[in-house]
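Values below: every heavy atom of this structure, side chains too, minus hydrogens, waters and symmetry copies. Note on naming: letters A, B, ... go to the chains in the order of the sequence lines (proteins, then strands), and numbering restarts at 1 for each one.
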2 protein chains.
Amino acid sequence: MGIKDIAALSGVSPATVSRTLRNPELVNKDTRKKVMKAVKESGYRPNRFGSSLRTRQSGNIVVVMPDITHQVNAGIIRAIESEAQKHGYSVLLGDTQGLIERERHYADMVNSGQADGILLFTPRLPFDVDPDQPLLKQLPPLVSGNETIPVEGLCRVSVNNTAGARAATEYLLSLGHRRIAAVLGASDAPSNQERLDGYHQAMDEAGLQVDPQWIVAGDYSTDSGMAAMEKLLKLRQRPTAVFCFNDDMAIGALNVLHQYGFAIPQDISVMGFDDIRYAALMRPALTTIHQPLEDIGRAAMQLLLEQLNGRQPKNNYVELPFELIVRQSTGPVPLQGESE
Amino acid sequence: MGIKDIAALSGVSPATVSRTLRNPELVNKDTRKKVMKAVKESGYRPNRFGSSLRTRQSGNIVVVMPDITHQVNAGIIRAIESEAQKHGYSVLLGDTQGLIERERHYADMVNSGQADGILLFTPRLPFDVDPDQPLLKQLPPLVSGNETIPVEGLCRVSVNNTAGARAATEYLLSLGHRRIAAVLGASDAPSNQERLDGYHQAMDEAGLQVDPQWIVAGDYSTDSGMAAMEKLLKLRQRPTAVFCFNDDMAIGALNVLHQYGFAIPQDISVMGFDDIRYAALMRPALTTIHQPLEDIGRAAMQLLLEQLNGRQPKNNYVELPFELIVRQSTGPVPLQGESE
DNA sequence: GCACAAGATGCAAACGTTTTCATACAGAGG
DNA sequence: CCTCTGTATGAAAACGTTTGCATCTTGTGC
C-alpha cells in the first residue's frame with residue numbers, strides 16, 4: 001500500500017500521485033479524480049517517514065514546559081495543540097520536570113529534525129550557540145512564551161506581567177492599603193522580576209516606601225505561599241494586604257490565614273495572579289489577574305507557524321491583555337490598619 | 001553530517017557506524033572507539049526519518065486524553081512522558097477536547113506509522129474493526145487507562161473504581177450517615193458506572209434502601225456539581241452526606257453549600273474522588289479517595305512498552321491501590337438528621 | 001598444515017516519498 | 001506547415017538509514 005500501488009491502481013506514475021496529494025493544481029482534473037478514487041478506495045495514507053526524509057520536514061513541533069501539571073501550562077498547551085492540529089502539525093510533549101538536561105533533550109529534537117520548531121515556556125535557551133555569531137541566526141524556529149526570554153528579535157508572547165502586577169497593586173492601593181506585601185515567584189523566572197517591577201512601580205507612584213520585610217521569597221508553589229504568609233504574620237508591622245505573584249501561592253496564603261483565624265478580607269486582603277480555575281472556587285474567592293491562556297497558546301503557535309512558513313513575523317512580540325478579576329479575597333483596608 | 005560522513009571520518013563503512021550505534025556488541029572494541037570518537041566530535045545525531053523509514057518504528061507513542069487541563073489527566077501524562085523518555089520514546093499529545101473525530105485523528109497516527117503505540121484515556125476504541133475477526137488482533141499496541149474499556153484481553157490500568165466508591169460510601173456510613181446522595185460523573189464514562197456500582201454495593205450491604213432522588217446526574221465538571229447540589233438541597237428529605245464522583249464536582253457542591261449558609265461537615269458531609277491538588281486546599285479540606293496518578297501513568301507506559309517489545313504482558317490488567325483520605329469535609333451525621 | 005568456525009566488516013539493496021528534468025502533446029500564431 | 005508556448009505527465013535520482021549476504025581474517029582443533 002505504497003504510493004506505487006496507488007499509481008498502479010489509477011494507471012499513472014508515482015510522481016502524479018504525489019502531485020495529486022500535495023499540489024493538486026499541477027495535475028489535470030480528470031487524472032486527479034482517478035487518483036483520488038484509488039486513494040479513497042484503498043485507504044492509502046502517505047508514509048510520513050518517506051515524506052519527511054525527502055522534504056526534511058517532520059510535521060511536528062515540540063513544546064517545552066516546566067510542569068504540565070500546572071493549570072496555566074496545561075491551558076496553554078491545550079490551545080497550542082488545537083491550533084497546531086488545525087495546521088497539520090502534531091505536538092510533542094516536553095515536560096522538563098524542572099531539569100535542564102531535559103530542556104536540552106527536547107531542544108535536540110528540533111536539531112535532529114524530529115521537530116520543525118519549538119515552543120519554549122522555560123526561562124532559558126537550551127541551545128549551544130557560538131557567541132561570535134548573531135544569536136538569532138543560530139536558532140531554529142522558536143517562540144518563547146510566558147517566561148519570556150529577553151533576546152532582541154526573539155519571538156515572544158505573554159501578558160504584560162509588569163502592567164498586570166502594577167494593576168494588582170494599584171487596586172490594593174485604591175482600597176486604601178498602604179502596607180502591601182509581595183510574595184515572589186521563582187527567582188530565576190523573568191515573570192517574577194517583571195511582576196516585582198510592576199509592584200514597585202505602583203508603590204513608587206503612590207509615594208510609598210516599601211519595607212524590605214514585605215518582600216518575601218517564594219517559588220510559585222503553594223507551600224512556598226504558606227511559608228511566606230507565616231513569615232509575614234510574624235512581622236511586628238503586619239501588612240494589610242498580600243499580593244502573591246501567582247494563585248497557587250495565594251491559595252497557600254489563604255490557608256495559613258484561615259488556620260490562624262484571620263478573616264479575609266476584613267483582617268487582611270489577598271491577591272493572586274493567573275486566575276486558575278480554582279481561584280474562583282476558593283473561600284473567599286480569590287481576587288486575581290486573569291491570563292488569557294487560550295490566546296497565549298494560540299498566539300504562540302501562530303507565531304511559530306509564521307516562522308515555519310518561512311516568513312519572519314512582523315511583530316515578534318505579542319502582548320496579550322490581562323484582566324483584573326475582583327472577587328472576595330480583597331477588601332478595604334481595616335481601620336486599625338490605617339491608624340497603626 | 002550523515003552516517004556516511006561519520007563512516008569516512010572514522011575510516012569504516014556506514015554499516016559499521018550504524019552497528020556501533022545500535023548494536024555495539026556486534027563491533028570490535030577498537031573500531032567502536034574510533035567510531036564513537038568521530039560521533040562525539042562531529043556531534044552527529046542519526047536522522048530519525050532515515051532510520052524510521054527503514055525500521056518502520058517511529059519511536060513515538062501517542063496519548064489520547066479528553067482534557068489535559070484536568071489535574072488527573074495532567075498528572076498521569078506527566079508520569080507517562082517521564083517513563084517514555086526513559087525508554088527512548090517521545091510522546092505525542094492528543095487532547096481530544098471531547099471530540100470523537102479527534103480521537104480518530106490520533107488513532108490514525110499509529111495506523112499511519114507516526115506512532116508505535118497508543119495510550120487511551122477515553123472510553124472508546126477509535127479504530128475501525130472487522131467484527132468477524134478477533135478484535136485484539138486488529139489493534140495496535142495499546143493500553144487503556146482510567147476510563148478502562150472493558151474488552152477481554154485488552155491491556156488496562158486504573159484504580160478499582162468500584163472498591164474506591166464503596167470505601168467512600170462505607171466511610172460515610174461509618175459516620176452514621178444513612179441518607180447518602182451520589183453525584184454522578186459523565187454518563188458515558190465506565191468509571192462513572194463503576195463508582196455507582198461501588199456506592200450501591202455499600203448501601204445494599206448496609207441494608208439501606210436508596211431513594212432514587214439521591215442519585216443525581218453530573219458530568220465531572222464543577223458546574224454540574226453545583227447544579228446537582230442545588231437539586232439535592234431542594235429535596236424534601238435532604239441527604240446528610242453527598243458523595244461526588246470526583247473532586248471537581250465536590251468542590252462545586254462545597255461552594256453551593258457555602259452559598260446557602262450550610263456548615264460543613266456539621267450540617268452536611270461532602271466527599272470527592274481523585275484527590276486533586278486543590279482538594280486539600282479547600283475550606284474545609286475535602287475528604288476524598290486518592291488516585292496514584294504517577295503510578296497509573298507509569299504502569300500504563302510499562303504495559304505499552306511490553307507490547308512494543310513484542311512481549312504480551314502476562315497481567316493485562318493492572319489495578320492500582322486507592323486510598324481513603326479523611327479531611328474536614330466529612331463528619332458524624334447531624335442529630336436532627338438521624339431523628340428526622 | 002588443513003579444515004572449519006567464529007568474529008568483523010563491507011557492499012548494496014531496500015524503505016516510501018518528492019522533485020528536477022525531460023518528454024509528449026495540444027493549440028496558437030505566423 | 002512549422003515553430004513556439006504551455007500544460008500534463010513520467011523516469012529517475014535523491015533523502016539517510018538498516019541489514020541480509022558475502023567476504024575476509026583470525027583462531028582452534030585435529
**Q** Taking all atoms of both residues into account, what is the closest heavy-atom pair of A:L293 and A:Q71, and its distance?
**A** CD1-O, 3.8 Å
**Q** Are more than 12 heavy atoms, taken from residues, nucleotides or ligands other than B:E294, located less than 6.0 Å from that residue's CD atom?
**A**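 Open.
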**Q** Please determine, for the side chain of B:V12, which listed nucleotide (C:dT17, D:dT17, C:dG10) has the closest atom?
**A** C:dG10
**Q** Given the structure, check if the side chain of B:R19 and the base of C:dG10 hold any donor-acceptor pair shorter than 3.5 Å.
**A** yes
**Q** Considering every strand and a 4.0 Å limit on heavy-atom distances, what is the contact class for A:S18: base, sugar-phosphate, or nothing?
**A** base
**Q** The side chain of B:P46 is closest to which nucleotide in this list: D:dT17, C:dC11, D:dG16?
**A** D:dT17
**Q** Indicate yes or no: does A:R102 engage A:D95 in a salt bridge with an N to O separation below 4.0 Å.
**A**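 No, no charged N to carboxylate O under 4.0 Å.
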**Q** At less than 4.0 Å, is any side-chain N or O atom of B:S13 found next to OP1 or OP2 of C:dG10? Yes or no.
**A**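 Yes, such a contact exists.
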**Q** For A:N47 and D:dT17, what is the distance between atoms CG and P respectively, to the nearest whole Å?
**A**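 So the two atoms are 17 Å apart, to the nearest Å.
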**Q** Compare side-chain N and O positions of A:S51 against OP1 and OP2 of C:dG16 and report whether any pair is under 4.0 Å apart.
**A** no
**Q** Measure CG/A:N23 against C1'/C:dT20 and give the value in whole Å, please.
**A** 14 Å
**Q** Between C:dT9 atom P and B:E25 atom CD, what is the distance in whole Å?
**A**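 To the nearest whole Å, that distance equals 13 Å.
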**Q** Provide, to the nearest angstrom, the distance between the CG atom belonging to A:L53 and the P atom belonging to C:dC15.
**A**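 Taking CG of A:L53 and P of C:dC15, I get 14 Å after rounding.
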**Q** Salt bridge or not for B:E306 and B:K314, using N-O below 4.0 Å?
**A** yes
**Q** Rounded to the nearest angstrom, tell me the gap between atom CG in B:N28 and atom P in C:dA6.
**A** 18 Å
**Q** May I ask you to decide if A:I100's main-chain N or O and A:R124's side chain share a donor-acceptor pair within less than 3.5 Å?
**A** no
**Q** Can you check whether A:R56 has a side-chain N or O nearer than 4.0 Å to OP1 or OP2 of D:dG16?
**A** yes
**Q** How close or far is atom P of D:dT19 from atom CZ of B:R22, stated in whole angstroms?
**A**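 Distance check: B:R22 CZ to D:dT19 P gives 6 Å.
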**Q** Check this one for me: any side-chain N or O of A:T16 less than 4.0 Å away from OP1 or OP2 of D:dT9?
**A** no
**Q** If you check every side-chain atom of B:T31, which of C:dG16, D:dT9, C:dA8 has the closest atom?
**A**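 Taking heavy atoms from C-beta onward, the closest nucleotide is C:dA8.
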**Q** Roughly, in whole Å, what's the span from CD1 in B:I3 to C1' in D:dT19?
**A** 11 Å
**Q** Starting at the 5' end of DNA chain C and moving along, which residue's nearest nucleotide shows up first, A:T55 or B:L26?
**A** B:L26
**Q** For B:L21 and D:dT17, give me the distance from atom CG to atom C1', rounded to whole Å.
**A** 11 Å
